Protein chains: 2
Amino acid sequence: MELEDILRERDFRLTRPRRVVWEVLSESERHLSAAEIAEEVHRRDPGINVSSVYRTLALLAELDLVRESRLTETSTWEPAHADAVIHLVCENCGATRHHDAALVEDLRAEIARTADFAPSVIDVRVSGTCAKCPAPSTPR
Amino acid sequence: MELEDILRERDFRLTRPRRVVWEVLSESERHLSAAEIAEEVHRRDPGINVSSVYRTLALLAELDLVRESRLTETSTWEPAHADAVIHLVCENCGATRHHDAALVEDLRAEIARTADFAPSVIDVRVSGTCAKCPAPSTPR
DNA sequence: AATGTATTGCGAACGGTTTGCAAGAGGGCG
DNA sequence: CGCCCTCTTGCAAACCGTTCGCAATACATT
Ligand SMILES: [Mn+2]
Ligand SMILES: [Mn+2]
Ligand SMILES: [Zn+2]
Ligand SMILES: [Zn+2]
């Protein structure tokens with residue numbers, strides 16, 4: 001379903017900031033910070049303000065179109081994806097990769113079965129060292 | 001090993017702020033925000049400043065004595081615990097619970113084996129609805 | 001007790017995000 | 001097609017958790 005339809009369905013207007021922010025996000029291969037998004041948005045339309053970027057991100061997250069990650073002190077954003085796609089964050093170079101871990105769904109089932117808790121979103125963040133970076137001197 | 005020994009071992013001094021912050025953390029049953037820690041610390045010694053609380057938290061994290069969680073926009077802190085102790089955060093009442101999920105170690109092994117990445121810390125955050133709260137109207 | 005240095009308290013700065021408000025634009029309806 | 005109502009925006013100021021610089025303090029060693 002198109003962005004326009006999803007918005008209309010909930011009585012939101014399709015505006016220029018919303019369209020451009022969504023385009024930037026969906027064309028990107030990686031997580032983007034609000035500043036990076038604003039920068040690229042501004043490149044495509046200098047008239048669009050940072051606060052509209054923030055407001056749009058909040059809306060798109062509400063609509064489950066984008067996923068916000070709090071991997072470090074500043075949030076990053078990307079089009080929503082399944083929980084089984086987890087994040088590997090290199091402690092050395094900072095790169096964030098995706099990794100598909102089917103075990104996440106087993107984990108969900110196990111929680112639902114034994115934890116007296118109804119899980120919705122599961123966020124798995126793995127820090128460590130990526131292949132391109134040297135192993136840390138004091139491995140854990 | 002005592003806090004004092006761990007500090008000495010690395011040539012850090014055992015100071016009043018460090019002792020009180022550590023006491024507050026280790027006596028608490030739950031995750032505390034820096035503000036909550038500062039409040040309780042201040043109750044025990046009004047002379048201790050917030051910035052010392054922050055500096056101490058950073059140091060204790062460095063020493064792997066405490067774990068910082070970025071579950072929401074503000075960080076929370078608690079004595080360090082194993083990765084297999086995961087966090088269940090209720091979307092309704094905000095309560096954070098611990099749940100022991102042995103599958104986390106399977107996940108670690110799977111990543112190490114297939115992802116070309118050396119995992120150190122694995123952080124699993126599950127949002128959902130706790131037993132005390134009504135199920136959401138639109139369950140996922 | 002005196003000394004040298006790590007650490008603190010304080011207040012100001014920082015940086016990402018949010019907010020209030022008047023101006024502007026989406027889109028339903030005539 | 002153009003009007004009008006309302007939602008949305010741009011802007012600038014406020015916010016808020018956290019960090020920083022610096023002179024004063026207090027550990028720990030002698
Ligand atoms: Mn992702
Ligand atoms: Mn915990
Ligand atoms: Zn790396
Ligand atoms: Zn609850």
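Note that the coordinates shown come from a computational prediction; the quantities given were computed from them, not determined experimentally. Residue numbers begin at 1 in each chain, while the letters A, B, ... track the order of the sequences.
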- Decide yes or no for A:L63 and A:L7: does some side-chain heavy atom of the first lie under 4.5 Å from some side-chain heavy atom of the second? yes
- Identify whether any heavy atom of B:T15 sits under 4.0 Å from a base atom; if not, whether one sits that close to sugar-phosphate; answer base, sugar-phosphate or nothing. sugar-phosphate
- Using atom CH2 of A:W77 as one end and atom C1' of C:dG16 as the other, report the distance to the nearest whole Å. 12 Å
- Note on the structure: In B:R67, B:R70, B:R108, the residue satisfying salt bridge (Lys or Arg N to Asp or Glu O under 4.0 Å) with B:D123 is B:R67
- For DNA chain D, note the earliest and the latest nucleotide, 5' to 3', having some atom under 4.0 Å of a heavy atom belonging to chain A. D:dT6 to D:dC11
- In this structure, CG of A:D64 is separated from CD of A:E62 (nearest 0.5 Å) by 7.5 Å
- Query: Is the shortest distance from a Lys or Arg side-chain nitrogen in A:R19 or A:E2 to a carboxylate oxygen in the other one below 4.0 Å?
  - Reply: no
- Result for 5'-nearest mapping on DNA chain D, choosing between B:F12 and B:S33, is B:S33
Find every protein N or O atom lying less than 3.5 Å from an N or O atom of nucleotides 28-30 of chain C, and list the pairs.
residue : atom : partner : partner atom : Å
C:dG28  : OP2  : A:R8    : NH2          : 3.3

- Message: Could you tell me how far apart A:R19 (CZ) and C:dA25 (P) are, to the nearest whole angstrom?
- Response: 14 Å
- Query: Do A:H31 and A:E68 get their side chains close enough for a donor-acceptor pair, meaning under 3.5 Å?
  - Reply: no
- Message: Can you work out whether B:T74 or A:V53 has the more 5'-proximal nearest nucleotide on DNA chain D?
- Response: A:V53
- Task: Take the protein atom CG of A:D5 and the nucleotide atom P of C:dG26, then report the distance between them rounded to whole Å.
- Result: 17 Å
- Message: Between A:E78 and A:H98, is there a side-chain donor-acceptor contact under 3.5 Å, judged purely by atom types and distance?
- Response: yes
- Starting at atom CZ of B:R13, determine the distance to atom P of C:dG4, rounded to an integer number of angstrom. 13 Å
- Taking atom types as modelled and ignoring hydrogens, do the side chains of B:E91 and A:S120 form a donor-acceptor contact shorter than 3.5 angstrom? yes
- Query: Below 3.5 Å, does any donor atom in the side chain of B:R55 face an acceptor in the base of C:dT8, or the other way round?
  - Reply: no
- For the residue pair B:W22 and B:L65, establish whether any side-chain heavy-atom pair is separated by less than 4.5 Å. yes
- Rounded interatomic separation in angstrom, taking CZ from A:R16 and C1' from C:dA23: 19 Å
- Just call it for A:A35: base, sugar-phosphate, or nothing, with non-hydrogen atoms closer than 4.0 Å on any strand. nothing
- Task: To the nearest Å, give me how far apart CD (A:E73) and P (C:dG15) are.
- Result: 12 Å
- Taking the six-membered ring for Trp, are the ring centroids of B:H87 and B:H99 within less than 6.0 Å of each other? no
- Query: Between atom OH in B:Y54 and atom C1' in C:dG11, what is the gap in whole Å?
  - Reply: 15 Å
